[in-house]
Amino acid sequence: ADVMSRVLASQNPKDARALKTLACETISSCIRALCKNNGVLPEDLVEGIVVGNPTMIHLLLGAPARGIGVAPYRPLFHGGLELRARDLGLPLHTGASFHTLPLASAFVGADTVAAWLWSERLLDESSSTLLLDLGTNGEMVLSANGKLWATACATGPAFEGATLTCGIQGIPGAIESVRFDEAGRLVLNIIGSSPKYVPAPRGICGSGAMSVLAALLKKGIIRPDGRFDPACDSELLRKSEAGVEFVLYSPPEESAATSECSVTLHQKDVRELQFAKGAVATGIRFLCEAAGIASPERILLAGAFGNVIQAEDAVTIGLIPEIDREKIVGIGNAAGLGACLALLDSSIRERAKRLLGEIEVIELGGAPGFKEAFFASLSFP
């Protein structure tokens with residue numbers, strides 16, 4: 001579920017081969033589906049491009065990833081590569097070329113470079129801008145005073161719901177947001193709902209978890225230190241064998257005869273989300289300090305998770321700085337869109353090469369004061 005576990009697994013040659021095979025098979029499956037849906041033969045494709053974090057690029061190419069997992073944390077290569085698709089077993093034309101974009105560091109990868117290539121189209125040179133790509137890793141680029149800084153932080157899979165007690169992906173039945181109505185009742189927004197049908201909640205996805213956090217903080221049910229407040233007198237707060245939890249949904253009659261079960265946010269879930277948000281907030285703080293600014297004037301949210309969260313929720317829990325909400329914009333799958341630009345225009349690939357010389361990467365792990373800043377950022381506003 002996280003980058004470092006993949007790096008560790010890749011130390012075993014057998015596992016490394018399995019990881020490469022899985023990556024290639026997944027991409028090949030996507031290529032075939034894309035071609036089928038658009039009436040194109042895979043063998044008619046003559047060029048491709050792939051972006052991803054440094055670990056995934058290494059695993060895809062079968063390159064040793066050990067250097068990413070140990071100090072001083074260096075990838076085997078930085079520059080973009082040009083390969084033959086057939087060498088990876090991808091179902092393109094037998095002579096098709098396949099490109100990767102450059103890696104800025106061991107943790108700031110080709111996906112971040114691609115996302116920035118897309119984001120440059122949206123820049124206002126008069127304003128400092130932060131690109132924040134949130135997923136299992138939090139990768140970010142700050143543009144300020146004509147310069148670029150970048151860093152990455154290990155958020156873990158909590159933001160994607162993977163390690164939460166009732167966490168699931170953003171699929172039908174997932175709670176994607178919550179709020180309290182004027183009467184103080186909890187209102188759930190469930191993926192897959194329609195005016196005629198509302199599915200029973202099956203779990204909570206990443207955006208839902210952030211929404212719950214924000215709602216419970218505003219209601220005083222969660223304290224700034226991240227603990228549930230027993231004095232809040234909420235009927236939805238209960239003690240279980242595993243500790244304190246907040247009940248988001250409980251079926252009318254929970255029994256062995258029904259497949260429905262309660263959906264809860266546990267105290268340990270709050271802790272995991274705290275660590276994830278603390279890592280991101282600390283990364284943003286260090287970039288701003290390097291640029292000599294208090295906070296960015298604009299924030300571009302990208303990534304599978306970053307694009308679905310509500311700006312108000314992100315500010316409420318302290319994930320991002322308090323700025324004008326209209327200056328916080330979701331920009332979709334920026335890495336994928338940047339990859340499209342680079343595929344269709346070779347000059348964009350040249351721009352990607354130049355970016356390596358323009359971006360100053362801040363390595364958080366060895367940065368003075370990182371631990372202190374991280375622990376200080378764990379509290380909610």
Side-chain angles (χ1 to χ4, degrees), residues 1 132-138 155-219 221-222 226 228 234 236-237 245-251 259-277 280 299-320 325 328-336 380:
L132 183 57
D133 193 332
L134 289 175
T136 306
N137 272 2
T155 59
F159 276 157
E160 296 179 330
T163 55
L164 304 182
T165 303
C166 295
I168 59 175
Q169 293 179 317
I171 59 176
I175 298 172
E176 63 176 346
S177 67
V178 306
R179 63 181 175 86
F180 287 95
D181 64 15
E182 293 181 357
R185 294 183 295 254
L186 189 67
V187 179
L188 307 178
N189 185 22
I190 303 166
I191 296 176
S193 297
S194 69
K196 296 183 179 180
Y197 171 71
V198 178
R202 298 170 54 190
I204 182 168
C205 63
S207 63
M210 183 176 294
S211 179
V212 172
L213 274 185
L216 298 187
L217 282 166
K218 290 178 179 178
K219 200 73 172 174
I221 296 173
I222 291 179
F228 286 115
S234 171
L236 298 177
L237 205 60
E245 59 188 13
F246 183 83
V247 181
L248 293 163
Y249 172 77
S250 183
S259 60
E260 292 184 29
C261 59
S262 294
V263 179
T264 62
L265 185 77
H266 198 277
Q267 181 67 73
K268 81 172 188 65
D269 300 330
V270 178
R271 288 296 182 222
E272 286 202 33
L273 292 163
Q274 270 185 284
F275 281 116
K277 88 94 184 174
V280 173
I299 298 178
L300 307 178
L301 296 175
F305 174 66
N307 197 51
V308 296
I309 63 176
Q310 297 296 315
E312 185 63 34
D313 293 339
V315 171
T316 297
I317 72 168
L319 179 78
I320 58 178
R325 304 302 187 270
I328 305 171
V329 183
I331 60 171
N333 181 5
F380 296 112

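Model, not experiment: these values are computed from the prediction.
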Task: Contact summary for I331 and A334, nearest pair of heavy atoms - done: CD1-CB, 3.8 Å
- [ ] Can you see which heavy atom on A314 is nearest to which on I309, and at what distance?
- [x] CB-CD1, 4.1 Å
Open item on the list: With a 3.5 Å distance limit and no angle check, can you tell me whether T264 reaches the backbone of H266 through a side-chain donor-acceptor pair?
Closed with: no
TODO: Give, for atom OG of S262 and atom CD of E245, the distance between the pair rounded to the nearest 0.5 Å.
DONE: 7.5 Å
- [ ] Determine the minimum heavy-atom distance between T163 and D269, stating which atoms define it.
- [x] O-OD1, 4.3 Å
Task: Flag side-chain contact, heavy atom, 4.5 Å: I171 against R202 - done: yes
- [ ] Measure the spacing between OH of Y249 and CG of L236 and express it to the nearest 0.5 Å.
- [x] 13.5 Å
- [ ] For the residue pair F228 and F246, categorise the inter-ring angle as parallel (less than 30°), tilted (30 to 60°) or perpendicular (more than 60°).
- [x] parallel
- [ ] I would like to know whether L132 and V280 meet side chain to side chain contact (heavy atoms under 4.5 Å, CB included); could you show each step before the answer?
- [x] CA-CA 9 Å; L132 183 57; V280 173; 4.0 Å; yes
Task: Closest non-hydrogen atom pair, Q169 against A174 - done: O-CB, 3.5 Å
TODO: Check whether any side-chain heavy atom of D313 lies under 4.5 Å from a side-chain heavy atom of L213, and answer yes or no.
DONE: no
Task: side chain to side chain contact (heavy atoms under 4.5 Å, CB included) between R271 and L273, worked out - done: CA-CA 5 Å; R271 288 296 182 222; L273 292 163; over 6 Å; no
Open item on the list: If you compare all heavy atoms of C205 against all heavy atoms of I191, which two are closest, and at what distance to 0.1 Å?
Closed with: SG-CD1, 4.4 Å
Open item on the list: Counting only heavy atoms from other residues, nucleotides and ligands, does the tally under 6.0 Å from CD of E312 exceed 12?
Closed with: yes
TODO: Taking the side chain as every heavy atom from C-beta outward, state whether P201 and L248 have any pair of such atoms under 4.5 Å apart.
DONE: no
Open item on the list: Taking CD in Q310 as the centre, count heavy atoms belonging to other residues, nucleotides or ligands within less than 6.0 Å. Is the count above 12?
Closed with: no
Task: Heavy-atom closest pair, residues L186 and V247 - done: CD2-O, 4.3 Å
Open item on the list: For a 4.5 angstrom cut-off between non-hydrogen side-chain atoms, does F380 reach L319?
Closed with: no
Open item on the list: Does any part of the side chain of P199, heavy atoms only, come nearer than 4.5 Å to the side chain of S193, both counted from C-beta?
Closed with: yes
Task: I328 side chain near L301 side chain, heavy-atom distance below 4.5 Å - done: yes
TODO: Give a yes-or-no answer on whether the side chains of E176 and S207 include a donor-acceptor pair shorter than 3.5 Å.
DONE: no
Task: Rounded distance (nearest 0.5 Å) linking atom CD of Q267 with atom OG1 of T165 - done: 10.5 Å
Open item on the list: Rounded at 0.5 Å granularity, tell me how far NZ in K218 sits from CD1 in I317.
Closed with: 11.5 Å
Open item on the list: If you define the side chain from C-beta out and look only at heavy atoms, does anything of I175 sit under 4.5 Å from V263?
Closed with: yes
Open item on the list: Could you tell me if the side chain of F180 sits less than 4.5 Å from the side chain of L216, heavy atoms only?
Closed with: yes
Task: Flag, side chain of N189 to backbone of V178, donor-acceptor distance under 3.5 Å - done: no
